[in-house]
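Keep in mind that the numbers below use all heavy atoms, side chains included, and drop hydrogens, waters and symmetry copies.
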2 protein chains.
Amino acid sequence: MIITIKKIAQLAAVSQGTVDRIIHNRGQVSQENIDKVNAIIKEYGYKKNIFASNLAFNKKFKFAIFLPKNEGLEYWKIPVNGIERAEEEFEKFGVTLDYYFYKYDSISFKKIASKIVDKKYDGLLFAPIFHDESILFLNQCKKINLPVVMIDSNIKEVDSFAYIGQDAFQSGYLAGRLVCYNSTMENNVLIIKITREIESTSVYLQRIKGFYSFFKDHEGEGSANFKFSEITLKDSGQKQLNLKMFEGINTIFIPNSRSYIVAEFLKKNNLNHIVLVGYDLLQENVKYLKDGVIDFLINQKPEQQGYLGVEYLYKKIILKENVENTYYMPLEIIIKENC
Amino acid sequence: MIITIKKIAQLAAVSQGTVDRIIHNRGQVSQENIDKVNAIIKEYGYKKNIFASNLAFNKKFKFAIFLPKNEGLEYWKIPVNGIERAEEEFEKFGVTLDYYFYKYDSISFKKIASKIVDKKYDGLLFAPIFHDESILFLNQCKKINLPVVMIDSNIKEVDSFAYIGQDAFQSGYLAGRLVCYNSTMENNVLIIKITREIESTSVYLQRIKGFYSFFKDHEGEGSANFKFSEITLKDSGQKQLNLKMFEGINTIFIPNSRSYIVAEFLKKNNLNHIVLVGYDLLQENVKYLKDGVIDFLINQKPEQQGYLGVEYLYKKIILKENVENTYYMPLEIIIKENC
DNA sequence: TTGAAAGCGCTAACAC
DNA sequence: GTGTTAGCGCTTTCAA
């Protein structure tokens, strides 16, 4: 049997109002009553009825969603799917979402950021791409007591905020192992960075660090040899690729979701022997995985990151639960057979 | 603005009671009013307030959990963890669970099964091990309109029940691929069945089928050769293992969670060159995975199966949502680097 | 500092 | 067939 506020009031010989004040620390109660009520709560183990609470509270909750704009790049569509799934699920609990998308420049970012701060949301789901600007923004959020959950990448400089996403370094480390599964005696590994970002804190750079780190940790083990080279391409498709780049290469690592660009080129030019490891289950990537051009994809479940982000806010703000502040998504290895 | 029953009643110029009857199909309403109210609902998009609904309903929900007893075998502990996590989470929504564990004999099973049927639960989470007995039991459940969700293995003979779990065949197929990653030119594959089950429908047999199927589908591809043999051991530890069994063997597939038994033997006898693929992240298995004795574990997330099973019942019975009837867990490939 | 009570939206029992 | 209403447990306001 679960005890109610009414019962507590009876047992303590006070009114419901007094019990409520004590439970919510609203003050204006005598110490005597505080002690009396707390003793009863302790003895009987009061748990608030979440249905009655929210019904009486009768408030709608507004969360802001603040993500990079999906400009022709499928990647940023995926978390939105998860967010929309969560939106549907939590609508009945009074949750509504406002979406904000910033372009890949810091002016657009700042403009929208200040709009969000002004609008007095109950919570914020945020994917920080620009490191310095994000820190400024997060500090503002802190000032106005706006609960934040970050996805995709973390900003550790501002604490007290939650993060749901990948361990980028470890995922690169994992990629190192995967590359070995199809290795030969002599391996020339090419790392291709296809990006417009310049941030030195970017996720893909941490992945590359993890990748190298794997080989450092396993130096001298086994008999296979690995040599590495890197190239950087502007984010404009495969026009910049040419056959020369791939001479002598038998292994390629693409540290972000753009591996389909390289896969397309490899397929066209019949470079079938090359092992290719990339990230994220974009439609195009999956196509080349099933084709056998891409060998491994590491999945960080961006869809679920979006869903879990909203769920985090819901649990924290509406249910007032204690939720873990950091959640690293498991690193999924995706091959043709478990896709 | 979300419309309420009260508003609908006003708009339709009927009472709340009438609206309620129409929404819940309780009958005893004139067709005229049904049409009027439905038109309004359609226009304004009524969604019931789940807080008010459950507060008024004010019922506790009792689910039965019916699983094989964990007799020294860690595997059946794991879904219970997930179930307990769900229990904690849904307690505040009025969910309570009763646990029943049956021993590995059909008499124990039947006895407890009839107890559950008598007790009039609101829902049932069930792991069917005994095929024929389970069909009988499920038919009884159907008769008394008890909603059921199955985990771990599915009984397809009785429809209208939900299933959350693995695609056993596909997971064996996947194991086939994994075995190839560390293959040489000539491979002798040993499949070790460590079990006390005799059911011809058992999960592990479907896994073996999938495993062979992979090699059939890839016959003639590549240059590696595979030969297969099988042994069956009673479920009594590694005393039955001997070095002779492993002569010439370079690959082992264990189609259930007992791979640690073989791993222990391999380690003791320094059989380091053998590739070992198994199932499930039992503590012991993980230990040997990190040790490098086990190469791959396929994870079917039994913990999450338990959690999702309870969540399914909650969503279906308390929230009255439409929930998918079959959910196949993704097949996770676990190696040292993403454990 | 405290008590009383309205009301959140829905369910279900009862009266007509 | 239909309308009325108590009550679920909590929040919040107003009065004392």
> Any side-chain N or O of B:Ser53 under 4.0 Å from OP1/OP2 of C:dT11?
yes

> Just how far, in rounded Å, is C1' of C:dG9 from NZ of A:Lys92?
16 Å

> Any side-chain N or O of A:Thr18 under 4.0 Å from OP1/OP2 of C:dT1?
no

> Could you please name the option among D:dT12, C:dT11, D:dC8 that lies closest to any side-chain atom of B:Gln16?
C:dT11

> When the distance from NZ of B:Lys6 to P of D:dT4 is rounded to whole Å, what number comes out?
13 Å

> Between D:dC10, C:dT1, C:dG3, which nucleotide has the shortest distance from any of its atoms to the side chain of A:Ser30?
C:dT1

> Which whole-number value in Å describes the distance from A:Asn58 CG to D:dC10 C1'?
12 Å

> Is the gap between the ring centers of A:Tyr121 and A:Phe63 under 6.0 Å?
no

> Between C:dA12, C:dA13, D:dC10, which one does the side chain of B:Arg21 approach most closely?
C:dA13

> Measure from CG on B:Asn54 to C1' on D:dC10 and round the result to the nearest Å.
15 Å

> Rounded to the Å, how far apart are B:Gln10 CD and C:dG9 P?
12 Å

> What does A:Asp20 touch in the nucleic acid at a heavy-atom separation under 4.0 angstrom: a base, only the sugar-phosphate, or nothing?
base

> Any salt bridge between A:Lys59 and A:Asp122, counting N to O under 4.0 Å?
yes

> Within the structure, does a side-chain N or O atom of B:Tyr46 lie under 4.0 Å from either OP1 or OP2 of C:dG9?
no

> Taking any heavy-atom pair under 4.0 Å as a contact, classify B:Leu55: base, sugar-phosphate, or nothing.
base

> Let me know the distance between NZ of A:Lys36 and C1' of C:dT1, rounded to the nearest Å.
13 Å

> Map B:Gly27 and A:Phe51 onto DNA chain D by nearest heavy atom, then report which one ends up closer to the 5' terminus.
B:Gly27

> Please determine whether a side-chain nitrogen of the Lys or Arg among B:Lys60 and B:Glu91 lies less than 4.0 Å from a carboxylate oxygen of the Asp or Glu.
no

> Quickly work out the A:Asn49 CG to C:dC8 P distance and round it to whole Å.
18 Å

> Between A:Lys92 and B:Glu321 (salt bridge meaning N to carboxylate O under 4.0 Å), is one present in this structure?
yes

> Taking the nucleotide of DNA chain D with the nearest heavy atom to each, does A:Ile5 or B:Ser15 sit closer to the 5' end?
B:Ser15

> Rounded to the nearest Å, what distance is computed from the NZ atom of residue B:Lys60 to the C1' atom of nucleotide D:dG9?
10 Å

> Within a reach of under 6.0 Å around CG of B:Asn322, are more than 12 heavy atoms found that belong to other residues, nucleotides or ligands?
no

> Between A:Asp159 and A:Lys142, does at least one N-O distance fall below 4.0 Å, as a salt bridge requires?
yes

> Which of these nucleotides, D:dT2, C:dC10, C:dT1, is closest to any side-chain atom of A:Gln28?
C:dT1

> Ignoring backbone atoms, test whether A:Asn33 places a side-chain nitrogen or oxygen under 4.0 Å from the OP1 or OP2 oxygen of C:dT1.
no

> Of all the nucleotides listed (C:dT11, D:dC10, C:dT2), which has the minimum atom distance to the side chain of B:Lys48?
C:dT11

> Tell me whether the side-chain N/O atoms of B:Lys59 come closer than 4.0 Å to OP1 or OP2 in D:dC8.
no

> Measuring to OP1 and OP2 of C:dA12, would you say a side-chain N or O of B:Arg26 lies under 4.0 angstrom away?
yes

